[in-house]
Amino acid sequence: MNHNQNQNQNQQSSEGSRHDDDAALTEFLASLMDYTPTIPDELVEHYLAKSGFQCPDVRLIRLVAVATQKFVSEVATDALQQCKARQASVVKDKRDKQQKDKRLILTMEDLSRALREYGVNVKHQEYFADSPSTGLDPASREE
């Protein structure tokens, strides 16, 4: 009999927690109506439609915008950490010069490494500035 009481209490506790979760979700979704995300609703709707998803509920559109904003923020933070780590590994003789110029320069390599942590592999074409022959006299370049 004691076992049945414990089972009944666990079931009631589970239902109470589910009710709290539902209430919190309802409140969160209602708060999205008053929130203006950084990523415009029209842009989110465009990419959702492009992927075959149609949704008339603006709350869901804004939920996707908030999730996207969070993802972009995390990737940017990780890319910044990659940039700082890369610039900290500069050899000592160049470090004195770096002390004068404390600007951080985010590269495509930093961004690619950060995105790789999230399962996104970025392949970018080599640009003229990325070419090993950059800065050489045009007559001396092998083409």
Side-chain angles (χ1 to χ4, degrees), residues 3-138 140-143:
H3 175 70
N4 288 338
Q5 288 175 340
N6 285 342
Q7 196 173 23
N8 193 21
Q9 286 176 348
N10 287 341
Q11 187 177 10
Q12 288 174 352
S13 173
S14 175
E15 288 174 4
S17 123
R18 188 179 311 130
H19 176 69
D20 291 344
D21 290 345
D22 288 348
L25 179 61
T26 302
E27 184 180 329
F28 175 70
L29 288 174
S31 72
L32 287 175
M33 292 302 293
D34 300 328
Y35 178 72
T36 304
T38 303
I39 301 170
D41 293 344
E42 294 80 13
L43 184 64
V44 175
E45 288 172 356
H46 168 77
Y47 282 104
L48 286 176
K50 195 172 178 178
S51 68
F53 184 80
Q54 294 288 331
C55 180
D57 191 349
V58 71
R59 297 174 304 173
L60 187 57
I61 301 297
R62 290 192 178 158
L63 182 62
V64 171
V66 168
T68 304
Q69 183 177 335
K70 181 180 184 305
F71 176 74
V72 169
S73 175
E74 288 177 354
V75 169
T77 300
D78 290 350
L80 176 62
Q81 295 307 317
Q82 292 285 340
C83 176
K84 287 179 179 179
R86 178 181 46 80
Q87 289 187 344
S89 68
V90 174
V91 290
K92 184 159 179 29
D93 59 325
K94 291 185 180 178
R95 190 168 287 152
D96 295 333
K97 183 179 178 184
Q98 185 182 5
Q99 293 295 332
K100 296 174 188 170
D101 187 12
K102 294 220 178 221
R103 290 181 299 169
L104 296 174
I105 300 169
L106 184 66
T107 64
M108 193 62 192
E109 183 180 331
D110 299 328
L111 183 58
S112 295
R113 285 183 179 166
L115 283 168
R116 201 172 305 131
E117 293 176 13
Y118 293 92
V120 178
N121 293 319
V122 176
K123 293 181 182 180
H124 64 285
Q125 291 187 351
E126 187 174 294
Y127 296 100
F128 179 74
D130 294 338
S131 171
S133 62
T134 300
L136 295 178
D137 186 324
S140 67
R141 281 194 203 131
E142 295 176 31
E143 295 189 48

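Just so it is clear, the structure is predicted and the values come from calculations on it, not from any experiment. Computation of the quantities below employed the complete heavy-atom set of this structure, encompassing side-chain atoms and omitting hydrogens, waters and symmetry-equivalent molecules. Index from 1, following the sequence.
- If you take OG1 on T107 and CD on Q87, they are separated by 8.5 Å, rounding to the nearest 0.5 Å.
- E74 is linked by a salt bridge (Lys or Arg N to Asp or Glu O under 4.0 Å) to K70, counting only residues two or more places apart in sequence or in another chain.
- The ring pair (Phe, Tyr, Trp, His ring centres under 6.0 Å) test applied to Y47 returns no partner, not counting sequence neighbours.
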In a table with atom names and distances, give each donor-acceptor pair under 3.5 Å that connects a side chain of residues 77-84 to protein atoms at least two apart or in another chain.
{"from": "T77", "atom 1": "OG1", "to": "S73", "atom 2": "O", "distance (Å)": "2.9"}
{"from": "D78", "atom 1": "OD2", "to": "Y118", "atom 2": "OH", "distance (Å)": "2.7"}
{"from": "Q82", "atom 1": "NE2", "to": "E117", "atom 2": "OE2", "distance (Å)": "3.2"}

Distance-only criterion, 3.5 Å: show the donor-acceptor pairs between side-chain atoms of residues 52-61 and protein atoms not counting sequence neighbours.
{"from": "D57", "atom 1": "OD1", "to": "R59", "atom 2": "N", "distance (Å)": "3.0"}
{"from": "D57", "atom 1": "OD1", "to": "R59", "atom 2": "NE", "distance (Å)": "3.1"}
{"from": "D57", "atom 1": "OD2", "to": "R59", "atom 2": "NE", "distance (Å)": "3.4"}
{"from": "D57", "atom 1": "OD2", "to": "R59", "atom 2": "NH2", "distance (Å)": "2.9"}

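- Judged as a salt bridge (Lys or Arg N to Asp or Glu O under 4.0 Å), the pairs with a partner in residues 40-53 (not counting sequence neighbours) are, in order, D41-R62.
- The side chain to side chain donor-acceptor pair (under 3.5 Å) check on E109 picks up R113, with sequence neighbours excluded.
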Identify every side-chain donor-acceptor pair in residues 23-37 under 3.5 Å, counting partners at least two apart or on other chains, and give the distances.
{"from": "T26", "atom 1": "OG1", "to": "D22", "atom 2": "O", "distance (Å)": "2.8"}
{"from": "S31", "atom 1": "OG", "to": "F28", "atom 2": "O", "distance (Å)": "2.6"}

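- Here L48 contributes atom CG and L43 contributes atom CG; the two are 9.5 Å apart, rounded to the nearest 0.5 Å.
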